[in-house]
Amino acid sequence: MLVQKITTLLNHSLTAKQLKQIHGSILVHGLNHLDRLLIHHLITSQSDYSQPTAHYLRLILHHSKQPDVDSATSAMRYFSKHGNFQQALALYSGLQTSGLSPSTFAVASALKACARVCELNGGVMIHGQVFKYGFCGDVYVETGLVGFYAKVGDMGNACKVFDEMSERNVVSWNSMIDGFLRSGDLVMAEGCFARMLDKDVVSWNSMVTGYARVGDMEKALRLFEEMPERNQTSWNAMVSGYVECEKLELARKFYDSMPQRNTISCITMIGGYSKCGDIVSARELFDEMGRKDHLLYNAMIACHAKNGRPKEALQLFDEMLQPNVNIQPDKMTLATVISACSQLGDLSFGSWIHELYMNQMGITMDDHLRTALIDLYAKCGSIDKAFKLFHKLHKKDVVAYTAMILGCAINGKEQIAIKLFDEMMESKIRPNLVTFSGLLTALNHVGMVEESYHCFNSMKRYGLAPTPDHYSLMVEVLGRAGRLEEAHNLIKGMPMQPHAGVWGALLLACSTHNNVELGEIAAKHCFELEADSSGYGSLLANIYASAGRWDDAKRLRKSIYEKGLVKVPGSSWMDHVQE
DNA sequence: CGCAATATCG
């Protein structure tokens with residue numbers, strides 16, 4: 001009776017609440033065989049992927065003892081389709097542990113998942129199982145293996161499997177081409193392409209992308225024009241290629257002349273505009289798009305966040321959550337939003353996401369999100385929380401270390417910052433420009449001049465050229481130590497145009513050490529570079545005043561007032577939040 | 001079922 005009722009219900013579309021009730025009944029009455037129907041319902045009825053669905057699905061799979069092969073396989077494909085490869089793999093190993101034989105479908109899906117999450121051992125293990133289950137002659141399974149080895153860059157094994165295949169199809173060949181292109185072997189890819197009898201769009205597109213990736217847009221274009229058939233991906237590959245080599249006008253030309261654009265085309269263009277700071281053009285394209293998905297929102301939010309517009313980023317996040325828009329955010333959205341919070345110093349919103357929202361949406365933590373949170377907590381002074389997350393990272397990369405180093409540097413834990421840097425070096429992780437900013441900040445705060453020099457000079461050993469920001473930090477530490485002439489000489493020796501911050505650092509140092517002569521020089525440069533800021537004038541006025549030159553000080557203050565520049569010096573980003 | 005174009009953290 002109950003079984004009948006549930007079976008009927010599951011044939012209709014149901015609300016989340018109804019599903020929960022049904023699941024409850026199944027649990028209470030021990031109707032485990034109905035889980036299969038429930039899983040099937042969840043996977044098929046919901047055309048759009050949503051975090052709650054995935055979460056719920058996980059829950060059911062967890063409660064049911066072990067789903068049958070078909071249920072597990074369809075759930076695997078569901079998760080895989082939506083990028084949740086870990087979950088798909090968990091299901092596959094679930095099959096293993098309960099002694100069930102996977103289907104060829106499950107194997108193909110698992111191989112894909114292994115490739116995507118770079119699960120090298122997993123793929124090799126599955127390769128072994130292929131023999132055990134006698135799937136050797138299956139084109140799909142074997143192509144899956146080729147695809148796996150190609151994706152993880154093991155072209156030796158990819159070739160081995162490929163050569164021994166009794167039957168090959170387009171996908172097998174395309175996987176090989178893709179693998180060669182990924183490992184940078186254009187010649188071998190060209191060889192495959194030439195030997196292929198029946199090429200399809202994917203083959204052509206792969207080659208176009210391959211040329212675009214190495215910056216050879218002439219060849220990419222030639223191939224693009226030769227193509228017997230083009231689809232959106234072909235056009236997108238061209239747009240992406242031009243964006244990559246920063247030829248935005250050409251990218252836009254292709255974008256505009258596409259017969260039909262999709263979300264990816266738009267995301268690619270937005271990414272291009274974002275990289276060169278053209279938020280306005282990016283936003284225009286975004287607004288033009290009729291139907292927007294979460295990926296498009298992610299791209300636009302990231303564009304704002306990356307270009308110093310965290311407020312707009314949060315506004316857009318808010319917009320996507322509005323009932324009339326109602327787009328589910330994903331991990332990437334949250335990582336970007338948290339970074340915006342961190343720029344704003346908005347600890348409360350950021351930690352709300354961490355402590356409540358993620359859980360509510362069924363979004364699981366990953367290292368990207370952790371790193372974003374580390375930065376947030378560190379920037380907002382909760383260094384202990386940052387450390388806790390830092391220790392939970394599965395893999396500590398440059399970004400994570402840098403966030404932590406910078407966080408310690410600005411929270412009075414300079415020695416720990418230095419220790420973290422050493423630890424990072426021992427782990428053979430290459431520091432980058434931002435890492436050095438963090439280290440220099442720490443050294444700066446404790447006034448370690450010689451160590452700063454050492455750090456600054458060691459940058460070129462990593463192929464890094466100091467940016468004006470690094471010069472600023474050097475000027476600051478020298479200035480603090482009263483070595484003003486030396487700081488001035490360092491600026492004069494800069495290979496690039498110093499920005500206002502560099503001269504500002506010198507000016508500040510002159511003000512603490514009451515050096516009128518250098519202070520005037522520094523202030524002059526600051527005025528030239530940033531005429532609309534009053535902070536510099538006030539600093540110089542202070543220097544005059546402390547040197548007893550009251551008239552000069554008065555004259556300067558008067559002119560600042562007349563220009564209407566009455567902002568208080570030292571006004572920070574917090575003011576921009578309010579505006 | 002499997003291959004091509006996009007996007008997250010300092």
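Values in this document were obtained by computation on a predicted structure and should not be read as measured data. Here is the naming used below: chain letters follow the sequence lines, and residue numbers restart at 1 for every chain.
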Mind checking whether [X] and [Y] have ring centres under 6.0 Å apart?
X         : Y         : value
Tyr471(A) : Phe456(A) : yes
Phe224(A) : Phe254(A) : yes
Phe193(A) : Trp173(A) : no

Which is true for [X] with a 4.0 Å heavy-atom rule: it touches a base, it touches only sugar-phosphate, or it touches nothing?
X         : result
Arg261(A) : nothing
Lys379(A) : sugar-phosphate
Asp178(A) : sugar-phosphate

May I ask you to verify if any side-chain N or O of [X] is less than 4.0 angstrom from the OP1 or OP2 atom of [N]?
X         : N      : value
Ser240(A) : dT6(B) : yes
Arg182(A) : dC3(B) : no
Ser203(A) : dC3(B) : no
Lys396(A) : dC9(B) : no

[X] side-chain proximity, nearest of [options]:
X         : options                 : result
Thr336(A) : dT8(B), dA4(B), dC3(B)  : dT8(B)
Asn205(A) : dT6(B), dA4(B), dG2(B)  : dA4(B)
Ala372(A) : dA4(B), dC9(B), dA7(B)  : dC9(B)
Ile267(A) : dC3(B), dT6(B), dC1(B)  : dT6(B)
Ala302(A) : dC1(B), dT8(B), dG10(B) : dT8(B)
Lys306(A) : dG10(B), dC9(B), dA4(B) : dC9(B)
Asp397(A) : dA4(B), dC1(B), dC9(B)  : dC9(B)
Ile264(A) : dC3(B), dT6(B), dC9(B)  : dT6(B)

Checklist entry - Is NZ or CZ of Arg430(A) both nearer than 6.0 Å to the six-membered ring centre of Tyr462(A) and within 45° of the ring axis? => result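 Negative - Arg430(A) is either too far from the ring of Tyr462(A) or too far off its axis.
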Checklist entry - Can you check the Leu285(A) CG to dA7(B) C1' distance for me, whole Å? => result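 These atoms are roughly 16 Å apart.
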Item to check | Separation of dA5(B) P from Tyr242(A) OH (nearest whole Å) | outcome: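 It works out to 18 Å between those atoms.
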Checklist entry - Where do Gly350(A) and Cys341(A) come nearest, in terms of heavy atoms and distance? => result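 Closest approach of Gly350(A) to Cys341(A), heavy atoms only: N-SG, 3.8 Å.
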